[in-house]
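Everything below concerns the one structure shown next.
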Amino acid sequence: MEKRVRVRFAPSPTGGLHLGGMRTVLYNYLFAKQHNGDFILRIEDTDQSRYVPGAEQYIFDCLKWAWLEPDESPVHGGYYGPYRQSERKDIYRKYAGQLVNDGYAYYAFDTPEELEKMRHELRTESNPSPQYDHKVRMKMRNSLTLPAEETKKLLAENVRHVIRIKVPEHETLILKDMIRGEVQFDTSVVDDKVLLKADGMPTYHLAVIVDDYLMKISHSFRGEEWLSSAPVHILLWKYLGWEKDMPQWAHLPLILGPNGKLSKRDGSKYGFPVFAMNWTDPQSGELTEGFKEKGFLPEAFINFLAMLGWNDGTEQEIFTKEELIQRFSMERVHSGGAKFDYEKAKWFNHEWMKRSEAGRLEQEVKNLLLEKGIDNMDDSFLKKVIGLVKDRCVLLTDFYEQSYFFFHTPEQYDLAAVTPRWNDEKKLFFAEVIRNYELNIDWNAEDLEINFKEIASVNKIKPGDVLLPFRIMLVGGKFGPGVFAIAELLGKEETLHRIKKALAAF
RNA sequence: GGCCCGUUCGUCUAAGGGCUAGGACACCACCCUUUCACGGUGGUGAUACGGGUUCGAAUCCCGUACGGGCUACCA
């Protein structure tokens, strides 16, 4: 029987969730949904020194915003909990003990000072970072070098110690990666990684294997930065006796910034977000901008994220989440890193803005305008406004400057664009427009335009000479959608009011 | 330094031995529009380098260069 697809995203709650992390979430999610599997969120909070309050909640908020909610997690529940590694301490301890008993791991009592001393002494030009490996482990203080009674005594006395994996001296390990194919490693260059730390917490290496096994994870998708520790993980699957349950691997390429690896700094430096949502560091109070607050639609966010390193082989670029679920394939993910292009990300958002129904955008736009102090919105009026201006909005946040004039009569006018060529003829023209529009029964853009141009022609005025002043009367400046569409939406009363008011100001 | 991964227009990418290397973003020009956008048409622009293998290489192999990751009791 085919194994049920179960994948997980396992962040450590240490701060903002950047593009790379979100893309890992996305690919996991798409893969799970495509195979009718489960998407699990596991919190890897084994490093207590890096604990950041609020970071866990923030991760949930980001996934929710991006429509990538997990099926199982510390808050969504599930049969394989707890889903927070800090709550699974005893489980890891048990397996670490098993590894020691089976001879695959050992106790190490070296103090941080002793480790530093070893590294210092062994450091040479050709080996700038000596490792705790098969070449040095017999010179250190551990259960391999100490007499059995001594080890027993130290353990009984509760002397601080760790458990390290005993990596075989010369073995070739082959990793089958869904993106990269077969990758070979020689174990003689991998070090005896710490599995269980002195504080009793596991390191990532132990925890990820134990949890993936216990949570029945079928596919392990993670960032490329994990590729070099993969041999340790493969060894652990073997040593724990679970080799036949080892998940399939895929190491996702990195997302790069303008100069190498994408960092939080790139964002502030080049003016684009790198986090999914705003993140405020509780320590420093520093705020890092998120895509959500910048004005991105989740549809667009996941769309451009998906395309950063993946395509379905056709020329289609705009995909709904459902289409992505259908078409995604890990084998088509690029193996090379992708440089993030903010301009293209904005293009995706613009496309989604144009494609979205006014109703889809209503709530977001309403909140946005409300924040800007516009509170006289009628729902159906707002919807019409959105329909009229959404094509010219790249980001949600553009809605304000594209539409505020629908809600407020202009107070100021771009006089420089009008007064130099303003004269009595034009004044009379608009007086006639007012008279005509007051009589006008069919208040729609088309008739308004026909009337306007007729009056112009009767008065021997070129429509072009009065179109711009008309626009400025209605919106205050040289911007906005078509003037007659604006007039239609504004309604007879408000339009006439604006013309009269402007006439007095010109 | 060692190990591993990668390298097609400025950017994201297509083409997995065979047509003038295709598309998208960005940029430029023109058209539309007497606001600005949208839209339309066209253009500039790439197989890192050097060797092989082959009738034929972006594609397979080797080397070089460049970029990246890892090299913690962080993930």
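Throughout, a chain's letter reflects where its sequence line sits, starting with A, and its residues are numbered from 1.
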For nucleotides 25-28 of chain B, which of its nitrogen or oxygen atoms have a protein nitrogen or oxygen under 3.5 Å away, and what is each distance?
residue: B/C25; atom: OP1; partner: A/W347; partner atom: NE1; Å: 3.4
residue: B/C25; atom: O2'; partner: A/K344; partner atom: N; Å: 3.4

Grab the N/O contacts between the protein and nucleotides 40-45 of chain B below 3.5 Å, and write none if there aren't any.
none

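A/K426 forms no cation-pi arrangement with A/W422, by the criterion of a distance under 6.0 Å to the ring centre and an angle within 45° of the ring axis.
Scored by the side chain to side chain donor-acceptor pair (under 3.5 Å) test, A/K339 finds no partners at all (sequence neighbours excluded). The side-chain contact (heavy atoms from CB on, under 4.5 Å) search around A/V394 returns A/K346, A/H350, A/D398, not counting sequence neighbours. Under the side-chain contact (heavy atoms from CB on, under 4.5 Å) criterion, A/D312 pairs with A/W310, A/T314, A/F319, A/R327, sequence neighbours left out. For A/D47, the side-chain contact (heavy atoms from CB on, under 4.5 Å) partners are A/S49, A/R50, A/K197, not counting sequence neighbours.
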Going by atom type alone, with no hydrogens or angles, which donor-acceptor pairs under 3.5 Å involve a side-chain atom of residues 91-98 of chain A and a protein atom two or more places apart or on another chain?
residue: A/Y92; atom: OH; partner: A/R88; partner atom: NE; Å: 3.4
residue: A/Y92; atom: OH; partner: A/D211; partner atom: OD1; Å: 3.1
residue: A/Y92; atom: OH; partner: A/D211; partner atom: OD2; Å: 2.6

List, one per line, each side-chain donor-acceptor pair under 3.5 Å for residues 157-165 of chain A, sequence neighbours excluded.
residue: A/H161; atom: ND1; partner: A/V159; partner atom: O; Å: 2.9
residue: A/R164; atom: NH1; partner: A/D192; partner atom: O; Å: 2.7

Extract all donor-acceptor atom pairs below 3.5 Å that involve side chains of residues 230-238 of chain A and protein atoms in other chains or at least two apart in sequence.
residue: A/H233; atom: ND1; partner: A/R222; partner atom: NH2; Å: 2.7
residue: A/H233; atom: ND1; partner: A/S229; partner atom: O; Å: 3.4
residue: A/H233; atom: NE2; partner: A/H205; partner atom: ND1; Å: 2.8

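Of the residues near RNA chain B, A/F185 and A/K462, the one whose nearest nucleotide (by heavy atom distance) lies more toward the 5' end is A/F185.
Proximity of A/R42 to the phosphate of B/A75: no side-chain N or O atom is located under 4.0 Å from OP1 or OP2. Between B/A72 and A/K197, no contact under 4.0 Å exists linking OP1 or OP2 to a side-chain N or O. When the side-chain nitrogen and oxygen atoms of A/R164 are compared with OP1 and OP2 of B/C73, one or more of them lie within a distance under 4.0 Å.
In this structure, the side chain of A/E323 engages the main chain of A/T320 through a donor-acceptor pair within 3.5 Å.
Scanning residues 176-183 of chain A for heavy-atom distances under 4.0 Å to RNA chain B yields A/R180, A/V183. Proximity of residues 11-21 of chain A to RNA chain B (heavy atom under 4.0 angstrom from any strand atom) is restricted to A/S12.
Sorted by first then second residue, the side-chain hydrogen bond (donor to acceptor under 3.5 Å, both in side chains) pairs that include residues 461-472 of chain A, not counting sequence neighbours, number zero.
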